[in-house]
Amino acid sequence: MQAEPQAFDRVLSSMCTRPHPAAREAAERFLATNPGDPGTYPTVATLEEEAIAHLGEIVGLADPAGYVASGGTEANIQAVRIARNQASTDDPNVVMPASGHFSFRKAANVLGVELRVVPLDEGLRADVDAVSQCVDEDTALVVGVAGSTEYGRVDPIPELAAAAQEVDALFHVDAAWGGFVLPFTDHEWNFEHAPVDTMTIDPHKMGQAAVPAGGLLAREEALFDELAVDTPYLESTSQATLTGTRSGGGVASAVAAIEELWPGGYHAQYDRSQTNAEWLADALTERGFDVVDPELPLVAASISEPLFEALRGEGWRISRTGDGELRVVCMPHVTREMLESFVADVDRLAARTRVAVSSDD
Ligand code: 0PR
């Protein structure tokens with residue numbers, strides 16, 4: 001097999017990034033271990049405990065329960081599963097803002113719960129009044145997003161937690177992407193800021209670990225009892241994960257990345273990414289595009305369909321929000337030089353697509 005993975009030098013919309021060298025090396029070293037069988041692979045099982053302790057520190061939780069999942073999708077599915085299993089209703093529902101990731105749709109489908117999607121406010125955050133009106137005695141879980149996939153927005157987490165408490169529902173925060181940048185901002189988003197029950201935070205996104213390394217954390221170990229199944233022929237007696245065999249590479253890589261980067265390296269990366277996002281937002285605004293202010297290092301801007309297609313044609317790996325805006329995620333591999341070259345292409349191609357559009361008239 002001769003194929004090489006594509007380079008990152010034109011990847012602008014992905015939430016994956018080049019892993020830190022230490023994370024890559026650790027992933028390779030632990031490739032053939034399975035934290036799903038801690039009795040046989042105790043070293044990686046110990047590493048997983050370290051990963052969870054580190055993640056707890058990042059999210060303000062002194063005694064965290066949790067595990068390294070395959071990604072944000074599994075973590076979100078499991079959070080819904082915990083809530084569904086502990087709810088005392090036959091007809092559970094989950095209330096989530098419209099900015100919630102599509103993994104919750106998978107969760108609702110797989111777990112047979114009703115998903116209630118609530119509109120956003122004008123700032124593209126969860127509308128707390130709308131959430132309060134939507135919850136009822138059958139609500140098992142309220143979801144808040146800390147770093148939304150499309151616009152990098154942070155929901156009012158303490159207010160959403162209060163809305164969940166009103167109806168005795170659990171409260172989950174999806175910080176899959178935002179979790180490794182939010183500690184360096186003023187946002188209220190973590191277990192110290194609000195009575196959060198569970199949280200998704202993915203080392204394989206801004207955490208610079210190798211894929212697959214997602215994270216699910218819970219305030220109480222007891223919440224995982226809702227998920228545990230017996231594992232009769234293993235040395236360990238029960239398993240709370242969704243997958244069976246899991247990548248020890250992901251676990252080791254998460255620990256290596258966090259030990260290397262927390263907190264100083266992540267802080268410096270946040271500063272670089274945020275400065276880049278603001279630079280790009282300014283550059284696009286100056287050129288007359290409508291830009292959504294980058295609260296976190298993610299820029300969304302309205303550009304025409306022909307220009308979007310022309311940029312893709314130049315090899316830029318870009319994607320669109322549900323409303324059609326260009327979305328640029330300032331991941332660690334996205335440098336100022338890349339963005340300058342992107343904006344130069346925008347200038348060149350905008351002129352060309354404008355001519356093409358007007359000559360079509
Ligand atoms: N929660 C949030 C807030 C997310 O943004 C994502 C993924 C997830 C959960 C699910 O995480 P996993 O994909 O790890 O299961 N958001 C990215 C997205 O939908 C996923 C992605 C990553 C897409 C890299 C493309 C890509 O190249 O945009």
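The first residue in the sequence is number 1, and the count goes up from there. Whatever order the structure lists ligands and atoms in, that order sets their numbers, starting from 1.
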Checking side-chain hydrogen bond (donor to acceptor under 3.5 Å, both in side chains) between R116 and each of D136, D138, T139, which is the one that passes?
D136
Report, in ascending order of atom number, the atoms of ligand 1 lying under 4.0 Å from any heavy atom of G71.
14 (O), 15 (O)
State whether the number of non-hydrogen atoms from other residues, nucleotides or ligands found under 6.0 Å of E114 atom CD is greater than 12.
yes
Of all the atoms in ligand 1, which lie at a distance below 4.0 Å from a heavy atom belonging to C16?
24 (C)
If I apply the N/O under 3.5 Å rule, does S103 come out as touching ligand 1?
no
For atom 15 (O) of ligand 1, what's the nearest protein heavy atom and its distance?
T73 OG1, 2.6 Å
Any Lys/Arg nitrogen of E314 or R352 sitting under 4.0 Å from an Asp/Glu carboxylate oxygen of the other?
no
Write out the residue and atom name of the closest protein heavy atom to atom 4 (C) of ligand 1, then the distance separating them to 0.1 Å.
T149 OG1, 3.3 Å
Would you say G214 contacts ligand 1, with heavy atoms under 4.0 Å as the rule?
no
Under 4.0 Å and counting heavy atoms only, is there anything from the protein next to atom 24 (C) of ligand 1?
yes
Does R327 come within less than 4.0 Å of ligand 1, judged by its heavy atoms?
yes
Is there a donor-acceptor contact under 3.5 Å linking the side chains of T200 and D174?
no
What I want to know is whether A176 and ligand 1 share at least one N or O pair that is separated by under 3.5 angstrom.
no
Evaluate the side-chain proximity of V328 to L298: yes if any heavy-atom separation is below 4.5 Å, no if none is.
no
Using non-hydrogen atoms of the residue, decide whether R317 is closer than 4.0 angstrom to ligand 1.
no
Which one holds for N76 and ligand 1: side chain close, backbone close, both close, or neither close, with close meaning a heavy atom under 4.0 Å?
side chain
Option nearest atom 12 (P) of ligand 1 (shortest heavy-atom distance, choices M15, H101, K205)
K205
Residues R24 and E28 bridged, charged N to O under 4.0 Å
no
For the 3.5 Å polar cut-off, considering only N or O atoms, please tell me whether S14 and ligand 1 meet it.
yes
Polar proximity ligand 1 side, E74 side, N/O cut 3.5 Å exclusive
no
Pair Q274-E278, side-chain donor/acceptor within less than 3.5 Å
yes
Between D174 and ligand 1, find which residue part has any heavy-atom pair under 4.0 Å and reply side chain, backbone, both or neither.
side chain
Is the shortest distance from a Lys or Arg side-chain nitrogen in E295 or R125 to a carboxylate oxygen in the other one below 4.0 Å?
yes
With heavy-atom distances below 4.0 Å as the criterion, list the atoms of ligand 1 near H204.
14 (O)
Pairs touching residues 197-237 that satisfy ring pair (Phe, Tyr, Trp, His ring centres under 6.0 Å), sequence neighbours left out:
none
Where on E150 is there a heavy atom closer than 4.0 Å to ligand 1, on the side chain, on the backbone, on both, or on neither?
neither
Donor-acceptor pair, side chain of N34 and main chain of R246, under 3.5 angstrom
yes
Side-chain polar contacts of residues 49-58 - donor-acceptor pairs under 3.5 angstrom, sequence neighbours left out - could you list them?
{"from": "E57", "atom 1": "OE2", "to": "W262", "atom 2": "NE1", "distance (Å)": "3.1"}

For ligand 1, is any non-hydrogen atom under 4.0 Å from D202's backbone (N, CA, C, O), its side chain (CB onward), both, or neither?
side chain
